[in-house]
Amino acid sequence: MSDVLDVLGAIEHAYNSVWALLSTLEEAERWRRYDPFFPPWPVPFGARLGRRSAGYLSWPPERAQIATLVTRRERLILHAVRLESPGAWEFLGSLIPLEVLRQYLNDRHQRMKDRTYRDVAEQRKLGLENEKAFLENELLKNRVIDERIRILRDHGASDKDLAPLLGELLYKPLKGLERYQDAQIIDEAEIKTYEPSD
């Protein structure tokens, strides 16, 4: 039972973290648009930008603190579980964070499959650092994240400014899902249209 709670906690934390990252980037962009003299990158180290901003979190933020940023309406909900082989867990939540999780898990799953077909010498050449950099670059290709980061860079945010935020609210939480994927508890992910039952 504790394994199930662990994996559900990791999924919820990854979802909450991505939601908090997107909310923080959006809020910083909004503040920057309305006040051009506002410091170029106030979050998460400077002034609090709003009641849900990551600006008031201890750094690095704790899971519970990140969870408090997610609005009640946008929290992740475990909707259904199918206990068979293969089983499925269905979640309801905000589309963009779910899409980021889906993209990360599927890209990693595909790379794991590809890796099994490469010869040993090529695997050694790739190395873990190259794979980590590849996955981070793939995450930044997400249209919404990429667009918000680009806007903030246009307003003066540097890679050094963004690195702690991306590390704590994107890379680390998603990396926390890897051990469940390696253990084949999580395989691939897909987004389905929610159709409420009568």
Side-chain angles (χ1 to χ4, degrees), residues 1-26 52 54 57 60-117 128 131-148 165-198:
M1 183 67 156
S2 68
D3 289 342
V4 172
L5 294 176
D6 288 347
V7 73
L8 289 174
I11 292 168
E12 181 181 39
H13 177 58
Y15 171 89
N16 289 345
S17 295
V18 172
W19 191 97
L21 171 70
L22 293 168
S23 177
T24 301
L25 293 174
E26 183 178 301
R52 292 181 297 148
L57 297 180
E62 296 174 13
R63 284 182 178 216
Q65 291 175 310
I66 293 170
T68 64
L69 300 176
V70 181
T71 63
R72 183 180 182 101
R73 212 178 89 217
E74 302 215 24
R75 288 185 187 147
L76 186 65
I77 298 168
L78 178 59
H79 175 66
V81 176
R82 193 174 69 231
L83 299 175
E84 55 190 49
S85 185
W89 298 9
E90 295 180 12
F91 296 91
L92 299 176
S94 183
L95 181 60
I96 296 171
L98 285 173
E99 175 59 24
V100 171
L101 268 64
R102 184 204 64 77
Q103 178 183 346
Y104 179 78
L105 290 169
N106 289 348
D107 287 351
R108 186 170 186 276
H109 178 76
Q110 188 60 45
R111 288 195 44 78
M112 287 170 52
K113 282 184 1 188
D114 291 348
R115 200 174 25 228
T116 61
Y117 296 110
L128 290 176
E131 184 165 341
K132 179 181 178 234
F134 174 81
L135 289 171
E136 289 175 0
N137 286 335
E138 287 300 306
L139 282 170
L140 293 179
K141 287 181 185 173
N142 177 282
R143 184 182 55 81
V144 175
I145 293 173
D146 180 58
E147 182 179 312
R148 289 183 181 156
L165 193 63
L166 293 173
E168 293 297 328
L169 295 178
L170 187 63
Y171 305 139
K172 282 184 184 178
L174 291 176
K175 196 148 183 55
L177 298 175
E178 289 181 6
R179 71 181 176 133
Y180 302 108
Q181 197 170 36
D182 291 344
Q184 299 178 345
I185 296 170
I186 298 174
D187 192 23
E188 292 183 84
E190 64 180 290
I191 302 285
K192 293 182 175 180
T193 306
Y194 173 65
E195 297 175 14
S197 57
D198 293 328

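A donor-acceptor distance shorter than 3.5 angstrom exists from the side chain of Thr24 to the backbone of Ala20, with no hydrogens or angles considered. In this structure, Glu12 contributes its side chain and Leu76 its backbone to no donor-acceptor pair below 3.5 Å.
Rounded to the nearest 0.5 angstrom, Leu8 CG and Leu78 CG are separated by 6.0 Å. The distance from the CG atom of Leu98 to the CZ atom of Phe91 is 9.0 Å, given to the nearest 0.5 Å. To the nearest 0.5 Å, the span separating CG on Asn106 from CD on Gln181 amounts to 8.0 Å. The OG atom of Ser17 sits 12.0 Å away from the CG atom of Leu166 when rounded to the nearest 0.5 Å. Ile66 CD1 to Glu168 CD: the interatomic distance, rounded to the nearest 0.5 Å, is 7.5 Å. Considering CD1 of Ile11 and CH2 of Trp89, their distance stands at 5.5 Å, rounded to 0.5 Å.
A side-chain contact (heavy atoms from CB on, under 4.5 Å) with Ile185 is found for exactly one of Val4, Asp6, Val7, namely Val7.
Side chains of Lys175 and Lys172 form no contact here, defined as non-hydrogen atoms less than 4.5 Å apart. The side-chain heavy atoms of Asp3 and Tyr180, taken from C-beta on, include no pair separated by under 4.5 Å. Side-chain contact check for Leu69 versus Asn16: every heavy-atom pair is 4.5 Å or farther apart. Proximity of Asp182 to Arg108: side-chain heavy atoms (C-beta onward) are separated by under 4.5 Å at one or more points.
For the residue pair Pro97 and Val18, the shortest heavy atom distance occurs at CA-CG1, 3.7 Å. The shortest non-hydrogen separation linking Leu101 to Leu174 is CD1-CD2, 3.8 Å. Nearest heavy-atom pair across Gly167 and Pro173 is O-CD, 4.1 Å. Minimum heavy-atom separation, Gly9 to Arg63: O-NH1, 3.3 Å. When all heavy atoms of Gly176 and Ala10 are compared, the pair lying nearest together is O-CB, 4.3 Å.
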>> Between Leu21 and Val100, is the side-chain contact (heavy atoms from CB on, under 4.5 Å) condition met? List the steps.
In response: CA-CA 11 Å; Leu21 171 70; Val100 171; over 6 Å; no
>> Let's go through Glu74 and Tyr15 carefully: what are the C-alpha distance in whole Å and the side-chain angles of both, what is the deciding distance for side chain to side chain donor-acceptor pair (under 3.5 Å) to 0.1 Å, and is it a yes or a no?
In response: CA-CA 10 Å; Glu74 302 215 24; Tyr15 171 89; 5.0 Å; no
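Partners of Leu92 under the side chain to side chain contact (heavy atoms under 4.5 Å, CB included) rule, at least two apart in sequence or in another chain, are Ile77, His79, Tyr194.
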